[in-house]
**Q** 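Have a look at this one.
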Amino acid sequence: ANAGNFDALHGALEKAKKLRESGVDFSKFEGLEEELAAANQTFSKLTAEKIGFLTHFLKQGLQLNNTDMLDEALKTAHRIGIRNFDAKLIEKGKDRLDNLTAVKGFLELAAKQQDKEPLETALAKAKLLGLQETKEFKKAELAYKKIAKGSFLDIFTSGTKAKSRSNSPANKKKPQTPGKPKLFGASISDGLKLGSTELPNGQRVPTVCYSCIEHIRKTGMTTEGIFRVPGNRDNMNFLMSKFEEGNGNEAKFESIYDTGGVLKQYLRRLPVPLIPFSLYKPCLLVANQHNSSDPERIVKMKELLTQVPKDSKVLLEYLCRFLKELSAYESVTKMGVNNFAIVFAPNIVKPEVETQQSMIVDMNVTIDVMQCLITHVESLFFEETTETKEA
């Protein structure tokens, strides 16, 4: 008590409390009760000082958007006793820390993917939170600048394969698609008209999606960083031009990363995502109202999926089943359901117009929705037949 050390005093008082609860009679020890009373008085004074300091520290962390300050303040507040603090301030600190952590993670992922569109989105989200001075922002900004200047990475990664392709007749005269796109940037129905493949269940998906997924299923299920590591842009553009022409059978995938990149580009460029804009807010509402362990979440999400257009729903189910299958190889690929949700959510669960709310606050929830779709794909897309209802 004389030393006035908060942590030491807290530890000593906790030990005394346990001893008293175990039956030790402190009155038998001369002067001990008085010392404990003095220690409790000192501890109360130190606690009040600590609360005042932490409250100021937490407010500073909020003002500066500093994850380290927020994390330290919240951890210490929990150790002292969260009930001693302003509940609204604590909740605000938690929400801000979650958002900052998510955006920093998004910056890191976008920088690794070396893909222009995710980098633009990540940098915009980070700017809204004032993260320009963080190492994550600077790394992502550098990656974006390299791509904007003409793909610095491709100079070093295109390699012998790209050179040999440049000598081929197909590459000397690159196919050009005039006017409106038929596939990349066109609707799913347009894509199905250009080329579709029948699944074992009798449903049809765009051939470009089937080709990419089945190629990965055959040769790339153990590829580390699948869907995270970017493909070669020259290779991807060549493959996309073949599919755009309706000559997908001539497309030769040289790398699993190219394959994954083409699939992501198709989904990203859909004018209406697989989860339609009209279902964006309802999906987020379900995720916010029912946590991942609540069975009601599956019931509500399944109801929403009945409003997804048939062609989109078929492709969404096909993709989610594949991603769940692929997640079984997480120990090798270093990519699990959460990683796939982070990669695909921005292309599948997104609003028609990006706002500060959707870019910062909603990001974690969209990932949660995507993770739910992958994890519970069997339950969400199972449709009862007359026979199953009668059973």
Side-chain angles (χ1 to χ4, degrees), residues 1-18 20-21 36-108 122 124-137 281 284-294 296-297 338 351 354-369:
N2 292 334
N5 184 296
F6 180 87
D7 290 328
L9 193 55
H10 182 250
L13 288 171
E14 283 296 311
K15 287 181 181 178
K17 182 182 177 182
K18 288 180 180 178
R20 195 187 291 277
E21 289 173 351
L36 281 171
N40 275 309
Q41 189 175 4
T42 302
F43 183 69
S44 295
K45 182 181 177 183
L46 288 173
T47 300
E49 292 174 357
K50 195 87 169 176
I51 290 170
F53 170 76
L54 280 173
T55 298
H56 175 70
F57 194 59
L58 183 55
K59 286 179 178 177
Q60 271 196 316
L62 285 166
Q63 186 177 354
L64 298 172
N65 280 324
N66 188 301
T67 51
D68 293 333
M69 292 176 72
L70 289 170
D71 188 47
E72 181 61 30
L74 290 169
K75 282 180 179 176
T76 309
H78 277 283
R79 195 164 70 246
I80 293 174
I82 207 75
R83 65 185 180 279
N84 296 309
F85 294 84
D86 181 347
K88 289 184 178 179
L89 181 63
I90 292 294
E91 194 62 32
K92 187 177 180 181
K94 287 179 180 177
D95 290 343
R96 184 70 60 81
L97 181 60
D98 286 344
N99 288 331
L100 288 168
T101 303
V103 171
K104 282 188 173 182
F106 191 21
L107 282 169
E108 289 183 337
K125 291 176 188 285
K127 283 178 182 177
L128 288 172
L129 286 172
L131 297 175
Q132 291 93 324
E133 297 303 314
T134 62
K135 63 180 181 181
E136 292 86 358
F137 183 91
K281 287 186 177 179
L284 267 60
L285 185 63
V286 169
N288 279 322
Q289 290 181 340
H290 306 281
N291 63 40
S292 58
S293 61
D294 186 352
E296 193 65 20
R297 172 186 274 208
N338 181 252
E354 285 277 16
T355 63
Q356 184 170 343
Q357 166 81 17
S358 66
M359 293 177 77
I360 298 176
V361 180
D362 295 350
M363 185 173 66
N364 284 340
V365 192
T366 61
I367 293 170
D368 190 19
V369 170

**Q** List the atom of Phe137, the atom of Leu131, and the distance in Å for their closest heavy-atom pair.
**A**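 What the structure gives for the nearest pair is CB-O, 3.1 Å.
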
**Q** Locate the shortest heavy-atom distance separating Ala102 from Asn364; write the atom from each residue and the value.
**A**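 It is CB-OD1, 2.9 Å.
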
**Q** Hey, mind stepping through Lys94 and Asp98 against salt bridge (charged side-chain N to carboxylate O under 4.0 Å, His left out) and telling me if it holds?
**A** CA-CA 6 Å; Lys94 287 179 180 177; Asp98 286 344; over 6 Å; no

**Q** Can you find a pair of side-chain heavy atoms, one from Asp71 and one from Thr101, that are under 4.5 Å apart?
**A**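 No - every pair of side-chain heavy atoms lies 4.5 Å or more apart.
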
**Q** Looking only at heavy atoms, which two atoms of Leu54 and Ala73 are closest? And how far apart?
**A**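 Residues Leu54 and Ala73, closest heavy atoms: CD2-CA, 4.0 Å.
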
**Q** Would you say the side-chain atoms of Asp362 pair up with the backbone N or O of Val365, donor to acceptor, closer than 3.5 Å?
**A**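 No; zero donor-acceptor contacts below 3.5 Å.
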
**Q** Pick one: which of Leu58, Thr67, Leu70, Asn66 meets side chain to side chain contact (heavy atoms under 4.5 Å, CB included) with Arg96?
**A** Leu70

**Q** Once rounded to the nearest 0.5 Å, what's the spacing between atom CD of Glu296 and atom CG of Asp294?
**A** 6.5 Å

**Q** Can you tell me how far CG of Asn65 sits from CD of Gln132, rounded to the nearest 0.5 angstrom?
**A** 9.5 Å

**Q** Between Met363 and Val103, is any pair of side-chain heavy atoms under 4.5 Å apart?
**A**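 The answer is yes, as the side chains (C-beta and beyond) meet within the 4.5 Å cut-off.
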
**Q** Got a sec: does the CD of Glu133 have more than 12 other heavy atoms crowding it under 6.0 Å?
**A**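 It does not: Glu133 CD has 12 such atoms or fewer within range.
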
**Q** Taking Arg297 for its side chain and Val286 for its backbone only, find out whether a donor-acceptor pair lies under 3.5 Å.
**A** no

**Q** One thing to verify: whether Asp86 and Lys59 come together as a salt bridge, which I'm taking to mean a side-chain N less than 4.0 angstrom from a carboxylate O.
**A**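 Asp86 and Lys59: not salt-bridged.
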
**Q** Which pair of heavy atoms, one from Gly93 and one from Leu62, lies closest together, and at what distance?
**A**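 The pair with the smallest heavy-atom distance is CA-CD2, 4.0 Å.
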
**Q** Quick check for you: to the nearest 0.5 Å, what is the distance between Gln60 atom CD and Gln63 atom CD?
**A** 7.0 Å

